Amino acid sequence: MSWETSADLVVVGSGVAGLTAALAARRAGLRVVVVTKDVPEEGSTRWAQGGIAVVLGDVTGDTVGAHLGDTVAAGGGLVDAVAAGAILRAGPAAVAALRAEGAVFDGAPERLARGREGGHSAYRVVHAGGDATGAEVERALLAAARREELTVLAGHAAVAVLTGADGSVRGLEVRDADGTAGRLAAPAVLLATGGVGGLYETTTNPAVATADGWALALRAGATLADVEFVQFHPTALFTGRSSTGRAPLVTEALRGEGAVLRDTAGASVTAGVHPLGDLAPRDVVAAAITRRISELGAEHVWLDATGVPDVAARFPTVAGACAAIGVDLAADPVPVRPAAHYSCGGVVTDTRGCTGVPGLWAAGEVARTGLHGANRLASNSLLEGLVVGGRAAEDITAALAGPRRLAAAVETATAPVPVADRRVLQGAMTRGAGIGRDAAGLAAASDAVEAASAVRVPRTRAQVEDANLTLAAHALLAAAGSRTETRGCHVRHDHPATDDHWQRASSTVVLDGDGRLHVGTTDARHGGVA
Ligand code: SIN
């Protein structure tokens with residue numbers, strides 16, 4: 001059994017970028033379908049804690065220029081400052097639009113409260129519900145989606161972006177939980193699928209983060225860049241030696257309010273490591289924790305938030321996660337260790353989400369606009385999703401304003417592909433492609449993924465995800481193997497220094513028609529498509 005329907009725009013993913021784009025496109029008069037493999041609430045957005053980094057002009061001394069400076073400094077030389085400046089400048093309007101949808105932030109409406117996180121030189125992070133910003137953003141956008149009667153196709157995994165003989169997009173193939181295939185014929189597809197945390201045994205991401213957008217984009221002919229830069233959040237809650245899957249986040253905003261990191265021997269983890277100490281950029285803190293854990297043979301370090309006034313009331317999400325493992329955030333130190341958190345690279349786009357493949361756009365964590373470089377500045381991601389999601393909708397609306405391409409008449413694209421056993425893949429990636437990599441470990445991970453793979457046509461959601469993780473793992477390992485230096489989130493034990501040769505070079509990955517990946521480089525300042 002299979003079915004077919006049509007739309008102007010198919011949005012894959014129901015997080016901040018996808019819903020922002022879908023709402024704007026619908027209001028512009030397009031027939032929009034949002035496809036999600038789970039329920040609409042189950043994306044990464046709702047788990048975001050810290051907030052949205054934005055300069056609204058009401059914090060003395062803070063400027064967009066300073067925010068850009070912090071973004072560039074955190075990004076290890078690979079931020080595209082032109083793209084980043086455009087996104088950051090668009091922040092106030094994007095946050096105003098989100099508030100107009102009904103999102104409520106902490107503080108007085110005319111002067112929102114601000115938090116601070118690693119790498120920020122000012123208190124500029126707006127937040128909601130203390131540490132529940134993502135949940136409020138998701139709530140407001142889903143409420144708007146219901147008001148606008150946006151069509152949402154839940155429980156359908158995206159299998160392939162359908163393209164015509166000329167390479168342009170013709171629609172999307174999906175499968176439901178039973179493996180029943182469906183086709184959405186459409187001249188425009190926006191990938192807003194979120195992250196890649198499912199490549200690793202432990203991640204702050206929800207279970208849906210299985211690198212779907214990377215794989216869909218590669219198979220449709222798009223280019224990935226900077227995919228070796230997987231950001232590990234320094235402080236995921238340590239819930240036990242054998243725990244895998246989603247680890248609750250312990251927001252960096254706690255350190256912004258004075259919480260401190262100590263190792264299991266009681267010493268500061270970041271003293272002498274960076275002038276900003278525990279509020280150094282995330283890659284620096286995560287690497288320092290990893291080193292200390294290894295030196296002491298420990299399983300975690302401690303985050304002591306007992307000195308933060310009203311900590312449980314101000315950080316209720318973290319307090320709840322701690323309580324679940326018997327830790328009182330207000331009275332006890334919290335066991336934390338790094339976990340895979342955010343993909344700084346992804347599908348190459350400009351700041352309108354345009355991928356260069358006619359009819360294919362990408363926005364949010366799946367995309368690589370040049371904002372994050374080698375290491376994302378905390379809380380820049382919700383902002384990017386809002387801004388680029390909105391711009392992508394404008395771009396798509398303009399692109400579809402001319403004569404429409406005939407969207408049907410394409411055969412199903414499902415083909416046999418390598419599909420690895422997920423547990424083996426996650427183990428191999430955790431050992432070989434975490435914080436601290438070397439050539440031998442990367443090669444071993446690649447061999448292990450290959451040995452655990454069988455070529456098959458993926459039919460169920462789990463098989464589709466496994467196929468996507470397999471392709472994404474190989475893309476990441478290839479990019480990480482080619483970057484013979486240490487920069488940002490990419491720490492190479494066999495190349496511990498930063499190499500000027502790579503100062504402005506972004507790695508790129510493409511897939512050829514025979515299923516082979518090719519790694520190259522491009523100037524990071526012009527990594528986005530024209
Ligand atoms: C956090 O709250 O620490 C995470 C925020 C982010 O990843 O930007």
Side-chain angles (χ1 to χ4, degrees), residues 15-17 43-54 67 70-71 74-75 84 87-88 91 95 105-106 113-120 123-138 194-197 203-206 209 229-237 246-259 261 276 278-286 289 303 305 308 311 314-322 329 334 336-344 346 364-365 371-373 375-387 488-489:
V16 57
S44 295
T45 295
R46 87 174 157 111
W47 299 103
Q49 292 186 356
I52 303 177
V54 64
H67 188 180
D70 293 344
T71 299
I87 292 169
L88 300 184
V95 169
F105 291 92
D106 296 335
R114 299 302 204 288
R116 186 174 165 208
E117 294 178 59
H120 286 277
Y123 281 80
R124 64 165 73 96
V125 179
V126 299
H127 47 83
D131 58 3
T133 311
E136 174 59 6
V137 170
E138 190 73 15
V196 305
T203 172
T204 62
N205 296 179
F229 298 110
V230 175
Q231 184 173 71
F232 282 70
H233 196 287
T235 57
L237 189 64
R246 196 185 75 79
L249 192 63
V250 179
T251 179
E252 208 161 273
L254 274 163
R255 278 176 276 138
E257 296 304 316
L261 285 164
L276 288 172
D278 286 353
L279 278 175
R282 201 167 274 178
D283 56 337
V284 175
V285 180
I289 292 174
L303 181 74
V308 178
V311 68
R314 289 166 67 199
F315 295 91
T317 311
V318 176
C322 289
L329 180 64
V334 179
V336 292
R337 70 176 178 188
H341 180 59
Y342 194 88
S343 162
C344 301
E365 184 173 352
L371 175 64
H372 308 311
N375 174 54
R376 177 182 62 106
L377 184 67
S379 287
N380 268 356
S381 43
L382 287 176
L383 185 76
E384 185 186 44
L386 287 169
V387 170
C489 313

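Residues take their numbers from the sequence shown, with the count starting at 1. Each ligand, and each atom within it, is numbered from 1 in the order the structure gives. As a basis for the values below, the full set of heavy atoms in this structure was taken, side chains included, without hydrogen atoms, waters or symmetry mates. Quick caveat, the model's predicted, so the values are computed rather than measured.
Closest protein heavy atom to atom 2 (O) of ligand 1: Thr251 OG1, 2.5 Å.
With a 4.0 Å cut-off on non-hydrogen atoms, Arg282 touches ligand 1 through its side chain and not its backbone.
For a threshold of 3.5 Å applied to N or O pairs, the pair formed by Asn380 and ligand 1 contains no separation below that value. Residue Ala378 has no N or O atom closer than 3.5 Å to an N or O atom of ligand 1.
Using a 4.0 Å cut-off to heavy atoms of Glu117, the atoms of ligand 1 that qualify are 1 (C), 2 (O), 3 (O), 5 (C). Applying the 4.0 Å criterion to heavy atoms of Glu252 picks out, from ligand 1, the atoms 1 (C), 2 (O), 3 (O). Against a heavy-atom cut-off of under 4.0 Å, Gln49 is close to the following atoms of ligand 1: 2 (O). Atoms of ligand 1 found under 4.0 Å from any heavy atom of Gly50 (numbered from 1 in listed order, with element): 1 (C), 2 (O). Near Arg376, meaning under 4.0 Å from one of its heavy atoms, ligand 1 places the atoms 6 (C), 7 (O), 8 (O).
At a 4.0 Å cut-off, at least one heavy atom of His233 sits close enough to ligand 1 to count as contact. Assignment of Ala48 to the shell around ligand 1 is not supported, since no heavy atom sits closer than 4.0 Å.
Considering Thr204, Thr235, Asn205 as possible partners of His341, the one that fulfils the side-chain hydrogen bond (donor to acceptor under 3.5 Å, both in side chains) test is Thr204.
Shown here for Ala378 and Ala53, the closest heavy-atom pair between the two residues is O-CB, 4.0 Å. Heavy atoms only, all atoms of each residue included: Tyr342 and Gly364 are closest at OH-C, 4.5 Å. Leu329 and Val311 get closest at one heavy-atom pair: CD2-CG2, 3.8 Å.
Ser379 places no side-chain N or O within 3.5 Å of a backbone atom of Gly50 that could act as its donor or acceptor partner. Side chain of Arg116 to main chain of His120: a donor-acceptor pair is present (N/O by atom type, distance under 3.5 Å, no hydrogens or angles). Checked by atom type and distance alone, the side chain of Glu365 pairs as donor or acceptor with a backbone atom of Ser343 at under 3.5 Å. The main-chain N or O of Gly129 is found under 3.5 Å from a side-chain atom of Asp106 such that the two form a donor-acceptor pair.
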